[in-house]
Engineer: 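Once you've had a glance at the structure underneath, I'll fire off some questions.
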Protein chains: 2
Amino acid sequence: MTAASIRARVRAEMTEEIKATARRHLAADGANLSLRAVARELGMVSSAIYRYFASRDELLTALIVDAYNALGEAAERAEAAVDRADLLGRWLTACRAVRGWALEHPHEYALIYGSPVPGYAAPADTVPPASRVPVLITGILHDGFQAGRLAADQGEPVPEPLRPDLAALSEEVGVEVPPTLLARGMTAWLQLFGAVSFEVFGQLNNVIGERESFFEYQMRSAARVVGLEG
Amino acid sequence: MTAASIRARVRAEMTEEIKATARRHLAADGANLSLRAVARELGMVSSAIYRYFASRDELLTALIVDAYNALGEAAERAEAAVDRADLLGRWLTACRAVRGWALEHPHEYALIYGSPVPGYAAPADTVPPASRVPVLITGILHDGFQAGRLAADQGEPVPEPLRPDLAALSEEVGVEVPPTLLARGMTAWLQLFGAVSFEVFGQLNNVIGERESFFEYQMRSAARVVGLEG
DNA sequence: ACAAAGTCAAGAGCAGTGCTCTCAAAACGT
DNA sequence: ACGTTTTGAGAGCACTGCTCTTGACTTTGT
């Protein structure tokens with residue numbers, strides 16, 4: 001049994017090493033990285049990789065799950081260090097963590113928030129890692145609402161047809177937030193990933209030089225829409 | 001000279017035909033479409049394509065420019081049909097046109113607003129087509145400001161370091177808009193493309209069913225931040 | 001202790017890719 | 001009509017993802 005564990009452990013290490021190498025190659029070739037190149041760098045032959053990943057897509061899926069988790073954890077850790085009562089601080093800190101991680105790992109960010117890979121369909125096990133950031137944001141909304149510091153109704157009225165979607169969403173996450181507040185939360189969510197994506201994908205090149213100020217302004221503006229006071 | 005025109009015209013038609021075929025292949029293979037497959041479908045050999053495009057990247061550039069122009073034109077045409085005094089209507093109409101085009105041409109949209117193609121660097125001639133939508137939005141801001149219906153200062157205060165960027169931007173576009181208003185315009189811009197990207201790239205799957213209501217709500221909310229009254 | 005079962009890396013091979021080069025046949029300007 | 005330019009075809013290079021087979025090694029059941 002201990003012997004089997006050894007083999008299992010070696011296998012796990014090898015798997016991790018392949019992923020690490022692939023992650024490095026991601027920077028050069030994006031989503032269409034070369035399995036053969038990864039194998040070559042690891043001093044093995046391409047067919048050997050298929051012992052660990054059934055296909056290139058499966059390798060990609062592993063990288064995607066890892067990326068979602070890394071991003072989620074970065075946001076969670078940063079946000080957890082902020083005083084629970086400081087709602088605006090929690091929001092801004094989470095935003096900065098997302099942006100920071102994205103700028104540090106632009107190619108992994110592109111993998112999860114960029115254009116979908118052509119033939120690739122994300123399997124179900126990417127969903128929980130993917131929802132870590134949304135869940136985090138929803139938690140801030142929840143706390144603010146419970147404390148009576150976030151109004152349910154405010155700003156643009158929420159269209160009737162949209163409310164069931166929002167109610168189902170709040171239920172799915174397991175956090176109770178009124179649909180009207182959740183709708184504003186999604187505005188902030190769009191604003192966050194819109195800003196990060198534009199910066200990472202180069203849409204801000206030759207447009208905005210002061211990236212930090214710009215991001216800070218946009219996230220504070222989003223917070224204002226939600227109703228988070230400074 | 002007329003003879004030369006014939007050859008030139010045939011060449012132009014051939015170029016257009018290659019692009020059209022490539023556009024079709026874009027749907028299946030995304031940014032890494034196959035030159036050979038395109039050639040095969042056109043009944044020619046792969047090397048013949050190099051008479052029209054020096055490389056795959058150059059073909060991609062042509063597709064990118066076309067996509068930016070198509071999107072820009074769709075937005076401009078729709079917006080132009082709205083009463084000039086109806087600022088909110090102009091904004092919402094432009095937004096709907098952008099979303100509509102993106103949903104009709106998801107793969108072309110991914111090409112211009114998705115993750116940047118790995119080895120590819122966008123040449124300078126993509127800039128003017130790319131700025132058609134931003135210019136359009138800026139025009140609405142300008143008209144509203146001139147008419148005294150859009151306040152310069154409102155909402156979140158704009159950080160000092162950001163102002164030169166915004167001033168330069170307004171100058172570059174050739175449309176006079178106060179930096180504070182332009183900052184809110186960029187909020188709306190982020191909101192627009194954040195919403196469209198999330199929908200086209202599948203981030204809203206199993207999250208929002210009522211896409212139209214959701215989009216409408218988000219764009220009205222963005223308009224409110226800018227200061228566009230209904 | 002030893003054979004059976006399982007696991008692994010390697011190599012050959014298939015069909016495909018972007019791209020370059022050469023060569024013959026058109027189309028063109030004069 | 002003649003020399004130039006443009007065009008398509010074909011062969012070829014180095015590369016890709018992936019499959020299948022082979023031989024060596026390790027783990028397991030008895």
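Everything numeric here is computed off the predicted structure, so don't read it as measured data. Both backbone and side-chain heavy atoms feed into the values below; hydrogens, waters and symmetry mates do not. Numbers restart at 1 for each chain; the letters A, B, ... are given by sequence-line order, proteins then strands.
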Engineer: Please state how far atom CG in B:Leu35 lies from atom P in C:dG16, giving the value in whole angstrom units.
Structural biologist: 16 Å
Engineer: Using atom CD1 of B:Ile49 as one end and atom C1' of C:dC21 as the other, report the distance to the nearest whole Å.
Structural biologist: 18 Å
Engineer: Is the base of C:dA10 touched by the side chain of A:Ser47 through a donor-acceptor pair closer than 3.5 angstrom?
Structural biologist: yes
Engineer: Mind listing the closest non-hydrogen atom pair of B:Trp91 and B:Ala222 along with its distance?
Structural biologist: CZ2-CB, 4.0 Å
Engineer: What does B:Arg56 touch in the nucleic acid at a heavy-atom separation under 4.0 angstrom: a base, only the sugar-phosphate, or nothing?
Structural biologist: sugar-phosphate
Engineer: Identify whether any heavy atom of A:Leu33 sits under 4.0 Å from a base atom; if not, whether one sits that close to sugar-phosphate; answer base, sugar-phosphate or nothing.
Structural biologist: sugar-phosphate
Engineer: Name the orientation class of the two ring planes belonging to B:Phe193 and B:Tyr109 (parallel below 30°, tilted from 30 to 60°, perpendicular beyond 60°).
Structural biologist: parallel
Engineer: Taking atom types as modelled, find out whether A:Thr187 and B:Gln218 have a side-chain donor-acceptor pair closer than 3.5 angstrom.
Structural biologist: yes
Engineer: If we count only N and O atoms by modelled type, under 3.5 Å, do the side chains of A:Ser115 and B:Tyr113 hold a donor and an acceptor together?
Structural biologist: no
Engineer: Is a donor from one side chain sitting under 3.5 angstrom from an acceptor on the other, for A:Thr61 and A:Tyr120?
Structural biologist: yes
Engineer: Measure the distance from CZ on B:Arg40 to P on C:dA15 and round it to the nearest whole Å.
Structural biologist: 13 Å
Engineer: From C:dG18, C:dA9, D:dC18, pick the nucleotide closest to the side chain of A:Tyr50?
Structural biologist: D:dC18
Engineer: Give the nucleotide from the list D:dT16, D:dA9, D:dC18 with an atom nearest to the side chain of B:Val45.
Structural biologist: D:dA9
Engineer: From C:dC8, D:dA9, D:dC20, pick the nucleotide closest to the side chain of B:Met44?
Structural biologist: D:dA9
Engineer: Reckon B:Tyr52 touches a base, only the sugar-phosphate, or nothing at all at heavy-atom distances under 4.0 Å?
Structural biologist: sugar-phosphate
Engineer: Between B:Arg11 and D:dT7, does any side-chain N or O lie under 4.0 Å from OP1 or OP2?
Structural biologist: yes
Engineer: Checking only heavy atoms, does the side chain of B:Arg36 share a donor-acceptor pair with the base of C:dG16 at less than 3.5 Å?
Structural biologist: no
Engineer: Mapping A:Ala37 and A:Ala54 to their closest nucleotides on DNA chain D, which lands nearer the 5' end?
Structural biologist: A:Ala37
Engineer: Between D:dG17 and A:Ser46, counting only base atoms on the nucleotide and side-chain atoms on the residue, is there a donor-acceptor pair under 3.5 Å?
Structural biologist: no
Engineer: For B:Asp57 and for B:Arg51, find the nucleotide of DNA chain C with the closest heavy atom, then tell me which residue's nucleotide is more 5'.
Structural biologist: B:Asp57
Engineer: Could you state the atom-to-atom distance from CZ of B:Phe53 to P of D:dT7 in whole Å?
Structural biologist: 12 Å
Engineer: Looking only at side-chain N and O atoms, does B:Ser34 come under 4.0 Å of OP1 or OP2 in C:dT17?
Structural biologist: yes
